[in-house]
**Q** 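First the structure, then my questions, so here it is.
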Amino acid sequence: MHKIFKNDTWIKPYLARYKKLLVLVFFLGVLTFFCAIGLMFVAGYLISRSATHPYNILVVYVPVLLTRAFGIGRPLFKYLERINSHNWVLKVTSLLRKRLYTTLETSAMFLTSKFQTGDLLSILAEDIDHLENLYLRTIFPTVVAYITGIIVILCLGVISWLYAIFMLISFAIILLFIPLASVAMRGAAKEYERSLVHESYSELTDATFGIGDWMISGRKNGFLKRVTKNDSKLDASNFRTRKYEWNRDLLVKVMFAIILIGTLIWSNWFFNSSQALANYAAAFVLGVFPLMDTFIPVSQAMEEWPMYKDSVLRLNKLSNDEIKPNPDQSAANPDTFKEIKMNDVTFNYPGESVSLIKNVSLEVKRGQKLAIIGPSGVGKTTLLQLLLGSLIPTKGSVTIDGINVTRLQNNQAKWFSVLDQHPFLFNTSVLNNVRIGNENSSNEDVKQAIKDVGLEDYIKSLPDGYNTNVHESGVRFSGGQRQRLALARILLQNNPIVLLDEPTVGLDPITENDLIKTLDRVLKGKTVIWVTHHLQGLSNMNQVIFLENGSIKMEGTPSELYKNNPRYRKLYAMDQGIVQD
Amino acid sequence: MFDKQLMSIPGVKKLIAKLSCLATIQSLAIILEAYFLSVAVVNTWSLKKITALLLPMLYFFIAFVVRYSITRIESQITDRFATKATGEIKTQLLTKEFELGPRMISQIGSGHLITLALEGTDKIENYFNLIILKTVNMAIIPVILLIAIFLINFISGITLFLVFPIIIIFMIILGLAAQAKSARQYKGFTDMSNNFIDTMRGLKTLKLFGLSDKYADNLYRVSENYRKSTMSVLKVALLSTFALDFFTTISIAIVAVFLGVALIDGKILLLPALTILVLAPDYFLPVRDYGDDYHATLDGKNALTNIFEILKIKSPTSKIKLSDFTGWNNTSELKISDLNFSYDKTSQALQNINFNVKGYKKIGIVGRSGSGKSTFLNMLGGWLEPSNADQLPFDVNGKKVGSLSQIEWQKHISYIPQDPYIFAGTITENIAFYQPNATKQQIKVVAEKAGLMDFVNDLQAGLDTKIGESGRGISGGQAQRIALARTLLDDNREILLLDEPTAHLDIETEYELKQTMLPIFRNHLVIFATHRLHWMQNMDYILVMDEGKLVEQGTPVELVNRNGIYKELIDEIRGADQNA
């Protein structure tokens with residue numbers, strides 16, 4: 001735990017944020033418990049004093065007043081404490097969300113496929129929620145309990161150091177020894193339980209997607225056995241954990257019984273000299289009870305730490321993963337673009353020996369169209385990221401008009417437009433979604449772009465027209481329509497180089513053909529680099545390269561390749577379904 | 001007091017009876033604990049020697065330990081019950097999942113189902129653990145303590161008795177107010193978290209358009225707005241806890257003052273007064289416990305409702321069984337007449353399908369996306385039942401049945417979708433899926449036939465290599481080959497259903513796979529839905545579907561020559577790109 005906190009940048013720094021509010025939260029928390037203790041203490045004294053039959057009620061006037069004050073104070077301070085602690089945590093959460101966003105923005109992670117499916121994102125978003133609970137359920141109660149404990153012992157020290165020492169030892173056992181023992185004894189088990197849950201999760205996910213196979217296999221018991229195989233192990237471990245917790249809770253209670261007995265013995269010894277003093281015996285004994293409420297949650301709270309540990313570790317790991325841009329940024333003008341070149345580029349991810357791209361050179365002049373084809377998983381997407389400058393070659397370089405592309409990163413959004421497999425539509429209107437291409441464009445420009453990509457009629461047919469929210473009101477855009485909206489954005493962006501990363505994957509062939517025709521029509525005059533895995537629509541390209549295992553296997557114009565390259569011809573025939581077996 | 005669903009769970013009544021007994025004993029222990037503690041304190045107050053305290057302290061300690069030991073025992077028996085009951089609910093849910101099959105599950109939502117089966121059941125277990133024990137405690141302990149207090153001092157009893165309904169009323173009123181507000185707030189939360197995830201998922205897009213910096217502030221602003229609205233809800237929602245606390249502490253304070261006055265007047269002695277004061281917080285404790293955990297139990301209650309809803313869905317099973325069907329052979333015949341199906345009342349997914357097939361044939365199904373190809377295949381796999389099942393639209397070897405949802409039929413089919421089911425395990429285990437008892441030799445033979453050996457020979461552990469989650473990742477082509485090997489291993493699976501198995505493969509991989517598949521297709525009835533045209537030449541017969549209807553059928557040659565919808569479709573698929 002210590003090690004994690006030493007290098008932490010996601011929890012510690014924020015404890016210093018909104019310091020006044022945080023101090024107020026702790027102050028209110030401590031005050032709540034002193035009111036609780038005070039109420040029982042004064043009540044005990046009040047009835048003891050009354051039992052001595054004072055001649056006048058005024059003698060107990062002050063205690064009567066105090067019981068009322070404490071009685072009102074306790075719930076009031078507790079309420080204020082909860083309001084303010086939530087407020088503090090939510091304020092910090094806002095900062096954390098922004099922090100997560102900016103961290104991801106500068107990290108290489110958003111290029112990965114995990115990021116695109118959103119798995120990682122939901123995990124990270126949940127991590128932030130976990131931190132919220134870490135503050136509210138572990139850190140705050142623990143801090144308040146410790147402060148309360150220390151103040152109680154200091155006060156007792158003034159009255160009787162012997163009693164103070166007795167309480168110190170008892171508190172140390174309840175607040176320090178037992179919680180740490182809990183983490184030590186059951187921490188590993190909790191991690192084990194989580195790994196079992198994780199395994200069950202993937203097992204059930206697999207099986208659910210394969211349910212058709214299971215059904216026709218007729219093996220109902222086999223299925224149940226497989227998806228519940230961890231359950232008995234998990235139940236057994238859970239039971240051990242809970243048994244430990246029940247026993248621990250009982251032990252803490254017994255500790256309180258010991259404190260109460262200690263208090264009884266001490267008060268009998270300490271207050272035995274006069275009746276006036278003996279009136280305090282009940283006060284001290286009753287005053288012990290509210291401590292239970294403060295202290296018992298601490299051992300439970302500490303035990304939840306392993307649950308948060310992963311979240312804290314994951315977020316901290318994120319911060320170390322930033323890409324540093326080339327400091328020497330060029331201000332070259334995209335309007336004067338002449339050519340983009342790849343000079344003998346080789347690439348492998350750091351620490352991996354396999355090169356995804358091997359000695360690739362290519363050149364695309366302004367207005368030319370290049371297609372990169374090849375089977376899936378041969379590094380076509382990597383090649384595009386190298387062209388964009390999002391990845392940096394291990395060897396060789398990518399240049400635009402002689403300038404290394406890493407020096408154009410600040411202006412990347414002015415040079416390149418990208419259309420990939422899963423264009424992202426934001427939860428806003430059609431108009432706003434397209435306007436992302438160029439925030440300064442007028443409604444007319446946006447509508448024109450939508451018309452250009454052939455969506456005008458469809459959008460107009462929707463009840464809310466251009467203001468239709470893309471996620472709501474039952475309107476679901478199909479794969480082809482999403483691509484068209486994304487394409488409209490690119491038209492507004494109006495950049496010299498357009499990179500197409502298999503935009504037609506997952507579309508049925510008819511939709512695919514329509515989209516390709518539209519692409520051809522609207523991207524006339526642009527420099528286009530198009531990655532694809534089949535040959536549909538290649539006839540309009542100036543140049544085709546065939547990528548296999550990271551290097552170029554064939555290249556030429558489509559008609560040359562068709563004429564001279566038997567493999568290309570065969571591919572073409574297969575694609576058209578005119579091959580004879 | 002309990003939810004009806006909860007009472008329907010076997011064993012719950014017995015548990016409640018047990019817990020009630022324990023709670024009663026516990027209440028007595030609480031009273032004794034308070035009494036002996038007070039005796040000890042009063043002895044000190046009367047300036048007695050320490051020896052006068054020894055026995056009361058001992059009895060106090062015993063009562064105290066008994067009290068909390070009962071809590072410990074209660075937790076354990078409740079937990080036993082909760083684990084067992086949750087396990088049974090989970091088994092029922094998973095059994096249902098098995099029976100419902102792929103199509104129904106995708107309607108429910110596979111993600112939803114998985115979450116329910118894992119996290120949902122956890123929440124239910126928590127719900128069982130909390131709700132039963134806390135409710136029983138709340139029903140018994142305050143009553144017994146109150147009786148004791150009444151017997152000791154009437155006025156204190158009245159005070160505490162009157163506070164109870166006030167607390168309940170206030171909690172209900174404030175609870176309702178908060179609920180109304182938090183329903184609106186929940187929408188705020190979803191909007192906020194959607195905006196957050198939306199912005200993050202769109203990060204790549206924002207970056208490509210040079211807008212990513214700007215959105216960081218936007219994100220912060222949305223999050224801050226959410227905080228403000230949350231705070232306004234919390235201010236109301238936390239009032240119910242405040243009310244609970246307030247009335248509890250105030251009533252203790254009032255009782256203390258009443259007792260003080262009674263003591264001064266000599267109407268009561270210190271011992272009973274002190275006993276009442278010690279008992280007062282314990283009197284309120286069960287209500288506070290219940291209130292604290294009330295919100296935690298809501299999730300479990302919802303999960304339970306959701307699961308019971310799924311369990312109510314009717315599983316597809318045919319009433320008439322194909323008990324004589326022993327497998328598809330060269331003389332087998334399937335006739336489908338006027339088959340209809342709809343997912344909902346508004347639209348027909350399949351309309352009047354009529355189609356006959358005899359013997360080993362290769363049937364291709366073509367059509368645009370959404371034309372009903374997959375639905376039709378699901379019907380043939382028995383995962384869906386026709387909406388007119390009572391008209392017995394299927395006829396297998398002369399026997400009329402309402403649907404093919406029966407193991408007699410299903411044990412003869414195999415199904416290969418785009419992503420075949422690969423589970424975490426060795427390649428051998430994956431191949432032996434339909435035949436878990438197959439020998440190594442048999443597996444090797446089918447792996448060979450399915451063209452897996454080139455890939456397997458390159459692996460260190462060969463067929464024993466672990467694949468799937470946390471094992472080796474395998475490509476789409478290899479997954480298809482494993483699915484083929486699986487089919488080959490089971491001699492009884494003569495019917496092959498293929499749902500666009502090659503749609504996401506590149507053309508060369510697909511072509512290699514095709515060479516493996518064609519020989520396997522011989523001696524099988526093959527039903528093959530695809531967009532890839534080159535398969536058509538290998539089919540004996542083709543079905544063309546459009547908007548849920550079978551619009552054309554015939555041999556490939558017939559259909560091309562007819563110059564009808566099939567020809568149109570092929571031209572469209574091929575595109576204008578004929579002269580590269």
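Only this structure's heavy atoms are used, side chains among them; waters, hydrogens and symmetry mates stay out. A note on names: the letters A, B, ... follow the listed sequences, proteins ahead of strands, and every chain is numbered from 1.
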**Q** When you measure from the side chain of A:Y101 to the backbone of B:S212, do you find a donor-acceptor pair of N or O atoms at a distance under 3.5 Å?
**A** yes
**Q** Should the pair B:D245-A:R74 be classified as a salt bridge under the 4.0 Å nitrogen-to-oxygen rule?
**A**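 Yes, B:D245 and A:R74 are salt-bridged.
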**Q** Go through the atoms of B:E99 and report whether side chain, backbone, both or neither lie under 4.5 Å from a heavy atom of chain A.
**A** both
**Q** Starting at CG of A:L250, measure out to OG of B:S69 and round the result to the nearest 0.5 Å.
**A** 5.0 Å
**Q** So, applying side chain to side chain donor-acceptor pair (under 3.5 Å) with A:N87, which one of B:K235, B:R227, B:K228 is it?
**A**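 It is B:R227; the other options fail the test.
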**Q** Examine distances only and state if a side-chain atom of A:N513 and a backbone atom of B:E572 form a donor-acceptor pair shorter than 3.5 Å.
**A**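 Checked: pair present.
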**Q** Could I get the full list of salt bridge (Lys or Arg N to Asp or Glu O under 4.0 Å) partners for A:E199, not counting sequence neighbours?
**A** none
**Q** List for me each residue that meets salt bridge (Lys or Arg N to Asp or Glu O under 4.0 Å) alongside B:D79, sequence neighbours excluded, and say none if there are none.
**A** A:R242
**Q** Please look at B:L269 and chain A and tell me whether the side chain, the backbone, both or neither of the residue comes under 4.5 angstrom of a heavy atom of that chain.
**A** neither
**Q** What distance do A:T208 atom OG1 and B:L94 atom CG have between them, rounded to the nearest 0.5 Å?
**A**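 It comes to 8.0 Å.
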**Q** Which region of B:I50, side chain (C-beta onward) or backbone (N, CA, C, O), has a non-hydrogen atom less than 4.5 Å from a non-hydrogen atom of chain A, or is it both or neither?
**A** both
**Q** I need the B:S223 OG to A:L90 CG distance, nearest 0.5 Å.
**A**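 The distance works out to 8.0 Å.
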**Q** Heavy atoms only, distances under 4.5 angstrom: which of A:L46, A:N438, A:D514 has the most pairs with chain B? Name it, please.
**A** A:L46
**Q** Can you tell me how far OH of B:Y226 sits from CZ of A:R97, rounded to the nearest 0.5 angstrom?
**A** 7.0 Å
**Q** Looking at B:Y220, B:F61, B:W409, which has the largest count of heavy-atom pairs under 4.5 Å with chain A?
**A** B:Y220
**Q** Pick one of side chain, backbone, both or neither for B:Y215, based on which atoms fall under 4.5 Å of a heavy atom in chain A.
**A**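 It is both, since atoms from each part get that close.
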**Q** Below 4.5 Å, heavy atoms only, C-beta onward: do A:M215 and B:P102 meet side chain to side chain?
**A** yes
**Q** Answer yes or no: is there a side-chain heavy-atom contact under 4.5 Å between A:S217 and B:F433?
**A** yes
**Q** Salt bridge or not for A:K570 and B:E508, using N-O below 4.0 Å?
**A**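 No.
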**Q** Say you draw a straight line from CZ of A:F70 to CD1 of B:I250; how long is it, rounded to the nearest 0.5 Å?
**A**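 Taking CZ in A:F70 and CD1 in B:I250, the distance rounds to 12.5 Å.
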**Q** As an exercise: rank B:D265, B:L53, B:I254, B:L533 by heavy-atom pairs under 4.5 Å with chain A and give me the winner.
**A**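 That would be B:L53.
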**Q** I need the single residue from A:N272, A:V285, A:N268, A:I265 that forms a side-chain contact (heavy atoms from CB on, under 4.5 Å) with B:T44. Which is it?
**A**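 It is A:N268, the one option of A:N272, A:V285, A:N268, A:I265 that forms the side-chain contact (heavy atoms from CB on, under 4.5 Å) with B:T44.
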**Q** What option among B:H412, B:M57, B:Q76 has the most heavy-atom pairs under 4.5 Å with chain A?
**A** B:Q76
**Q** So which part of B:R486 gets closer than 4.5 Å to some heavy atom of chain A, the side chain, the backbone, both or neither?
**A** side chain
**Q** Under 4.5 Å between any side-chain heavy atoms of A:V254 and B:F64, yes or no?
**A** no
**Q** Does the side chain of B:F209 reach to within under 4.5 Å of the side chain of A:E439, using non-hydrogen atoms?
**A** no
**Q** Roughly how far, to the nearest 0.5 Å, is OG of A:S200 from NZ of B:K90?
**A** 5.5 Å
**Q** Where do A:T102 and B:A216 come nearest, in terms of heavy atoms and distance?
**A** CG2-CB, 4.1 Å
**Q** Where does the angle between the aromatic ring planes of A:W214 and B:Y421 fall among parallel (under 30°), tilted (30 to 60°) and perpendicular (over 60°)?
**A**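 Rings of A:W214 and B:Y421: tilted, 30 to 60°.
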**Q** Ignoring hydrogens and geometry beyond distance, is a side-chain donor-acceptor pair present between B:Y434 and A:D213 at under 3.5 Å?
**A** yes
**Q** Side chain from CB out, backbone as N, CA, C, O: work out which of these in B:S110 comes under 4.5 Å of a heavy atom of chain A, or both, or neither.
**A** both
**Q** Counting only heavy atoms closer than 4.5 Å, note whether B:R80 contacts chain A via side chain, backbone, both or neither.
**A** side chain
**Q** Quick one: does A:L571's side chain get under 4.5 Å of B:Y511's, heavy atoms only?
**A** no
**Q** Counting only heavy atoms not in A:K414, do more than 12 fall under 6.0 Å of its NZ?
**A**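 Atom NZ in A:K414 is not crowded, with 12 or fewer foreign heavy atoms closer than 6.0 Å.
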**Q** Donor-acceptor check, side chain of A:H86 to backbone of B:M231, threshold 3.5 angstrom: yes or no?
**A**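 No.
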**Q** Do B:L274 and A:L286 touch side chain to side chain, with heavy atoms closer than 4.5 Å?
**A**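 Of all side-chain heavy-atom pairs linking A:L286 with B:L274, at least one is under 4.5 Å.
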**Q** Where do A:I47 and B:G260 come nearest, in terms of heavy atoms and distance?
**A**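 For A:I47 versus B:G260, the nearest heavy atoms are CG2-N, 4.0 Å.
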